[in-house]
Protein chains: 6
Amino acid sequence: MEESERYQRGWQKLKEIDGEAGERVIESLRDIAPDFAKYIIEFPFGDIYSRPALDLKSREIAVVAALTALGNATPQLKVHIQGALNVGCSKQEVVEIIMQMAVYAGFPAALNGLFAAKEVFAEREDAA
Amino acid sequence: MEESERYQRGWQKLKEIDGEAGERVIESLRDIAPDFAKYIIEFPFGDIYSRPALDLKSREIAVVAALTALGNATPQLKVHIQGALNVGCSKQEVVEIIMQMAVYAGFPAALNGLFAAKEVFAEREDAA
Amino acid sequence: MEESERYQRGWQKLKEIDGEAGERVIESLRDIAPDFAKYIIEFPFGDIYSRPALDLKSREIAVVAALTALGNATPQLKVHIQGALNVGCSKQEVVEIIMQMAVYAGFPAALNGLFAAKEVFAEREDAA
Amino acid sequence: MEESERYQRGWQKLKEIDGEAGERVIESLRDIAPDFAKYIIEFPFGDIYSRPALDLKSREIAVVAALTALGNATPQLKVHIQGALNVGCSKQEVVEIIMQMAVYAGFPAALNGLFAAKEVFAEREDAA
Amino acid sequence: MEESERYQRGWQKLKEIDGEAGERVIESLRDIAPDFAKYIIEFPFGDIYSRPALDLKSREIAVVAALTALGNATPQLKVHIQGALNVGCSKQEVVEIIMQMAVYAGFPAALNGLFAAKEVFAEREDAA
Amino acid sequence: MEESERYQRGWQKLKEIDGEAGERVIESLRDIAPDFAKYIIEFPFGDIYSRPALDLKSREIAVVAALTALGNATPQLKVHIQGALNVGCSKQEVVEIIMQMAVYAGFPAALNGLFAAKEVFAEREDAA
C-alpha cells in the first residue's frame, strides 16, 4: 500500500535525522492532533527528506539556517541543530551557519541561534 | 593595513560568489550610501564568507534557504541563487533546497522561491 | 459622548470574546501604558470587532490563523484560542485552523500553535 | 492505489477552491519542479483541505487572514481571495477579514491586502 | 462631537506628516473600504501621532526603522521616508536609520530600504 | 593598527549604550563563538553606532522600534530598552515608541514590547 510506504519511509527518516527529539514531538501530538503527527511523518520526512537529489547534511544546513533566520521557532531549531549533528555536521559548522545568519536576518537572530546551539551542545555533553 | 586587507579579501570573495550581480549591487550604492557598499564588502564578504570552517557551497545553501524562508528579499535571493550555482550547486540542488522550505516556511514561500529560481535559470541560459 | 460609546461598546465586546483573559491584559497595562489599554478597547474591540458585516466566529478563525502564522505572539494566540472557543468554535475546529497553517507558514508554526492550543484546552478542563 | 486517490481528491479540491488561478500555478511548476506541483495537489489539497472537520469557507477565511498578516506572498494572497469568493465569502466579508489584520499585523499589511483585493475584484468584474 | 475631533485632528496630522502621498492612500481606499480610510485617519493619526509625549521626527525615525526591518511593506516605507523628510529628518539621517537596520534585520532588508530611499530622493528632486 | 581601533572604539560604544547588559552578551559568547563577540563589537558598535551623522538617542529609537516590530528577539529588545534609557530617552518616550508599533506591526507586537519595557523599568528600580 502506497501510503503505508510513505509513512514507514518517513518514520525511518525522522528517526535517522532527529532521533529521540523527533519521536518526542510526534508523541506530544498523539492526543491533540494525531493526524498532524501522521502528516509530519509522511510529507516532510516521507516525501521531502527522502528525495535523493540532495544529501541530508545539506538539507539540515538549509533548515538550521532558515529556522535561525525566521527566529520564531526555537524548539524546532534545537531539534534541527541536533539533526544537523546527527547527519554529519560538526559543532563548528553549525556555529558557522548560525553566525552567517547575522548577515541575512540580523545579529539578534544569530545571537538567539547561538544560544540555542549552546544549550543543545551542553545537553549532548551531559548525555555522553 | 588591516582594514585594507579585509576590503581586498572581501572584494575577491564577492566576485567569486556573486559575480557581476554582486558588483552591480555595490555599484548601485555608490551615490546613496557609499559607506554601506564598503561595509558589505568588509563584513559579510571580508569577515564571514572568508572564514575557512565552512565551505562556500554550504554557505550558499544556508543563504538560499534563509532568503526563501524570509520571503521578503527577492532581489537578494536571486543574487544568491546565482551565487549557489557559481560555487558548485547544481540547478537540481537549488530546487531541492527551495522545495524543502515549504516544510519550514510554508508553500507560498517555496513557490515564490521556485519562481525566482526559474527566472535566474532562464537568464543564465540567455547569457550562455 | 461618541468616544465613551466606542469605549463601552469595546469593553462589552472584549468581555464577550476574550473573557477574563482579555480583562487581565487590560489590567496589566494600567501602570505602564493606561492609554494603550484604552486604545485596545476602543479600536480593535469598539471599532473592528463590533462591525456587523462578519460574525465573531469568522473573526476569531481569522485571528487564530494569523497569530499562528506570525508565530511571534504566543500569549495573544492563547487568548484568542480562548476567544475562538468562547464565540462558538469547537476544539476540533481550532485544531483544524492551526493545522492548516502548516501549509501557509510551515510546520514549526503549526506545531507551536498546536502546543498553545493544548495548554489552553488543559486550562479550560482544569477550570471546568 | 492510495497515492493516486490523494492526488485525484486534491486535484478536484484545488479546482473547486482556486479554479483556473490554481491550475495556472500548477502548470507554471511543470518544467522547474514537477514533483512540487504533485506535492501541492497531494498535501495541501488532497490531505488538508479535504478534511471534513472544517468547512471550506472557514478554511479560506483562515488563509486570507494568514497571507495578509505575513505580507510576503501577494500572488498567493490573490489566488486565495479568489478562493474565498469561490467557496462562499462575499466581497464585504473578504474586506472585513483583511481590515481586521490591521489589529494583528499592522495597518501596512492590511492596506496591501486591501489593494490585492481591489485588483482581484476588478479582474472578476472584467471576466464577468 | 468627540469622534469628529479625532477625525479632524488626524486629517491635519496625516497631511502634515505624509502630505500628498498620504492623501492618495486615503483616496485609494474610498471605493473598496471607506471605513478603513476613516480608521487610518482616526487611530494612527488622530490618536497616536497626535500624542505630545514624543516629537514627530522621533516617531518617523521609529517608523522608517520598523518598516525597513519588516521588509514587506515597501509602498508604506516610501510614504514614511517622505514623512521623515517632511518633519525634519535630513536625507543623511534617513540613510543612517536604514543602514542601521542591517544590524537588526540583515543586510538585504537594509539594501531594499536604501533602494526605496533612492527612489524617494529622486522623486523629490524631480518635483523640486 | 586599523582593526584594533575599530575594536576599541566599538567596545567603548557598547559600554556607553548597553552598559553591563551588553558586556554580559559578549561574555556569554566567549566559549561558543568568540569571533562572533568580536564581530559584534567591531561592526555594529565600532562601525555603525560610531558614525557621527545620527545621534545615539535617534539610533536607539530606531532599534527599539525595529525589535518591537519584528517581535522575535525579546532579550535583545530588553537590552536596547536599557540602551535607549542610557542614552537619553525617558521611560515615557520608550513607551510611546512601542505603542506606535501597534500601527505598523499590530497590537500583539506592541503589547509584548510594553511587557518587556515593564520588566526593564522594574529591574532598574530594583537596581537603583
Side-chain angles (χ1 to χ4, degrees), chain A residues 10 13-14 17-18 39-73 76-77 79-80 83-84 87-107 109-110 113, chain B residues 10 13-14 17-18 39-73 76-77 79-80 83-84 87-107 109-110 113:
Chain A
K13 204 52 94 177
L14 179 139
I17 300 169
D18 291 342
Y39 293 144
I40 289 179
I41 292 164
E42 288 176 345
F43 175 62
F45 291 96
D47 287 343
I48 298 289
Y49 279 102
S50 298
R51 295 173 61 82
L54 190 69
D55 61 285
L56 284 182
K57 184 177 165 183
S58 296
R59 290 191 185 279
E60 286 301 313
I61 288 172
V63 175
V64 168
L67 293 178
T68 300
L70 291 169
N72 58 7
Q76 288 77 30
L77 174 58
V79 168
H80 282 281
V87 298
C89 283
S90 69
K91 288 182 185 177
Q92 186 56 38
E93 286 174 322
V94 167
V95 166
E96 292 290 331
I97 299 160
I98 296 175
M99 279 174 55
Q100 181 146 346
M101 291 304 107
V103 177
Y104 297 98
F107 281 74
Chain B
K13 205 49 98 180
L14 179 139
I17 299 169
D18 290 342
Y39 294 144
I40 289 179
I41 291 163
E42 290 175 347
F43 175 61
F45 291 95
D47 287 344
I48 299 289
Y49 279 101
S50 298
R51 295 173 61 83
L54 189 70
D55 61 285
L56 285 183
K57 184 177 165 181
S58 296
R59 291 194 184 275
E60 286 301 313
I61 288 171
V63 175
V64 168
L67 292 179
T68 299
L70 291 170
N72 58 6
Q76 288 77 30
L77 173 58
V79 168
H80 282 282
V87 299
C89 284
S90 69
K91 289 183 185 176
Q92 187 55 39
E93 286 174 323
V94 168
V95 167
E96 292 290 330
I97 299 160
I98 297 175
M99 280 173 53
Q100 181 146 350
M101 292 302 108
V103 177
Y104 297 98
F107 281 75

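Reminder, nothing fancy here: chain letters follow the sequence lines and each chain counts from 1.
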TODO: Report the distance from atom CD of A:Glu96 to atom OG of B:Ser58, rounding to the nearest 0.5 Å.
DONE: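 A:Glu96 atom CD to B:Ser58 atom OG measures 10.5 Å (nearest 0.5 Å).
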Open item on the list: Once salt bridge (Lys or Arg N to Asp or Glu O under 4.0 Å) is applied, do any residues pair with B:Glu60, and if so which ones, sequence neighbours excluded?
Closed with: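 Not a single residue meets the salt bridge (Lys or Arg N to Asp or Glu O under 4.0 Å) criterion with B:Glu60.
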Task: Engaged part of A:Gln92 at the chain B interface, taking heavy atoms whose separation is under 4.5 Å - done: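 For A:Gln92, the side chain is the part near chain B, not the backbone.
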Open item on the list: Quick check on A:Leu67 against chain B: is it the side chain, the backbone, both or neither that has a heavy atom closer than 4.5 Å?
Closed with: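 It is the side chain, since no backbone atom gets that close.
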Task: Whether B:Tyr49 and A:Tyr104 hold their rings parallel, tilted or perpendicular, with breakpoints at 30° and 60° - done: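 The arrangement is perpendicular - the two ring planes meet at more than 60°.
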Open item on the list: Please identify, among A:Ile61, A:Ile97, A:Val63, the residue contributing the most non-hydrogen atom pairs under 4.5 Å to chain B.
Closed with: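 Option with the top pair count is A:Val63.
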Task: 4.5 Å side-chain heavy-atom contact, B:Met99 and A:Arg51 - done: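 Sidechains of A:Arg51 and B:Met99: in contact.
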Open item on the list: Which heavy atom of B:Glu93 sits nearest to which heavy atom of A:Leu54, and what is that distance?
Closed with: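 Residues B:Glu93 and A:Leu54, closest heavy atoms: CG-CD1, 3.7 Å.
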TODO: Please name all residues satisfying side chain to side chain contact (heavy atoms under 4.5 Å, CB included) with B:Ala69, sequence neighbours left out, ordered by chain then number.
DONE: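 Per chain and number, B:Ala69 pairs via side chain to side chain contact (heavy atoms under 4.5 Å, CB included) with A:Ala66, A:Leu70, B:Met101, B:Ala105.
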- [ ] Return the option, out of B:His80, B:Gln76, B:Lys57, with the maximum number of heavy-atom pairs under 4.5 Å with chain A.
- [x]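 Top option by heavy-atom pairs under 4.5 Å: B:His80.
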